[in-house]
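Naming: A, B, ... by sequence-line order, numbering from 1 per chain.
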There are 2 protein chains.
Amino acid sequence: MNLLFKALGDPTRRQIIELLRKKDMTAGEIADYFSISKPSISHHLDLLKQANVVLSIKEGQFITYSLNTTVFDEMVKWMLDLTDKQSKKTKPRK
Amino acid sequence: MNLLFKALGDPTRRQIIELLRKKDMTAGEIADYFSISKPSISHHLDLLKQANVVLSIKEGQFITYSLNTTVFDEMVKWMLDLTDKQSKKTKPRK
DNA sequence: AAAGTATTTAGACATTTGTCTAAATATCTA
DNA sequence: TAGATATTTAGACAAATGTCTAAATACTTT
């Protein structure tokens with residue numbers, strides 16, 4: 001989970017996630033939304049990919065990125081568990 | 001939300017959060033769980049406090065820390081919304 | 001009041017992170 | 001096959017981050 005939390009720690013990367021929520025986009029399309037260089041965006045995409053937050057497929061000379069929302073499941077669970085006073089220190093009752 | 005995401009980006013801070021989930025603890029008690037110095041733990045606690053993840057009250061010479069789980073609500077919402085394919089690009093229908 | 005305990009503040013330092021430009025790779029098109 | 005387009009890789013660099021030790025602050029106890 002560390003890569004995931006790290007990935008979400010940067011505002012630019014969260015914006016990328018929000019963009020991809022609306023629709024899949026190529027690296028170039030994504031970069032157009034930001035004022036930082038394409039290599040920087042490429043780097044952010046790489047980190048998101050390492051964290052398994054995005055998937056990419058190469059289509060000709062383009063690379064299309066999409067969100068992999070499944071990785072958030074565990075994280076949401078982690079956070080909801082924090083609020084679960086009932087099961088302090090106990091295993092969840094299946 | 002940036003301070004919150006940043007705060008969660010560090011493994012030590014997440015461990016602190018997990019400790020506080022079980023029970024409120026003083027700074028010293030928390031520090032005893034780690035092999036890093038007390039000033040470092042103090043610094044982590046400060047960041048968690050800035051992110052509003054923990055609350056602290058001074059009791060004599062001790063300072064007791066507790067979790068403020070309410071801050072996670074917005075974050076959970078953010079993540080759940082990412083998975084919500086239905087409302088792509090639309091405002092949530094109240 | 002002095003000494004001990006709990007915690008933070010200050011300042012230094014190495015590592016990590018986010019950014020950039022230049023160059024490399026891969027694909028498409030004329 | 002050249003030239004244009006899309007994207008990444010490489011390497012440099014400044015800023016942010018996590019850690020440390022030493023010192024300061026605050027409270028308690030003798």
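In this structure, Y65(B) does not reach the dA6(C) phosphate: none of its side-chain N or O atoms is under 4.0 Å from OP1 or OP2. Phosphate contact (OP1/OP2 of dG18(D), side-chain N/O of S40(B), threshold under 4.0 Å): absent. For dT7(C), the OP1/OP2 oxygens have a side-chain nitrogen or oxygen of T26(B) closer than 4.0 Å. Within the structure, every side-chain polar atom (N or O) of S42(B) is placed at least 4.0 Å from both OP1 and OP2 of dT7(C).
Here the nucleotide nearest the side chain of P39(A), chosen from dT8(D), dA6(D), dA10(C), is dT8(D).
The NE2-P distance, from H44(B) to dT8(C), rounds to 13 Å in whole Å. One can place CD of Q50(A) at 13 Å from P of dT8(D), the figure rounded to the nearest angstrom. A straight line from CZ of R13(A) to C1' of dT19(C) spans 12 Å, rounded to a whole angstrom. Between K38(A) atom NZ and dG18(C) atom P the separation is 21 Å, expressed in whole Å. In this structure, Q61(B) atom CD and dT8(C) atom C1' are separated by 14 Å, rounded to whole Å. Rounded to an integer number of Å, the gap from CG of N2(B) to C1' of dA16(D) is 12 Å. Per the geometry, CZ belonging to F34(A) stands 10 Å off P belonging to dT19(C), to the nearest Å. Between I36(B) atom CD1 and dG18(D) atom P the separation is 10 Å, expressed in whole Å.
Within the 4.0 angstrom heavy-atom criterion, no nucleotide atom of any strand lies near K49(A). Within 4.0 Å of D46(A), counting heavy atoms only, lies no atom of the nucleic acid at all. Residue contacts for H43(B): at a heavy-atom cut-off of 4.0 Å it reaches a base atom on one of the strands shown.
Evaluated for a side chain to side chain contact (heavy atoms under 4.5 Å, CB included) with Y65(B), the options D24(B), I30(B), T26(B) yield exactly one hit, I30(B).
Between I63(A) and I57(A) there is no side-chain heavy-atom pair separated by less than 4.5 Å. For the pair Y33(B)/I16(B), no side-chain contact is recorded, criterion being any heavy-atom separation below 4.5 Å from C-beta on. Contact check for M25(B) versus L19(B): side-chain heavy atoms found under the 4.5 Å cut-off.
Where K58(A) and L47(A) each meet DNA chain C at their nearest nucleotide, the meeting point lying more 5' is that of L47(A).
Residues F5(B) and W78(B) bring their aromatic ring centres within 6.0 Å.
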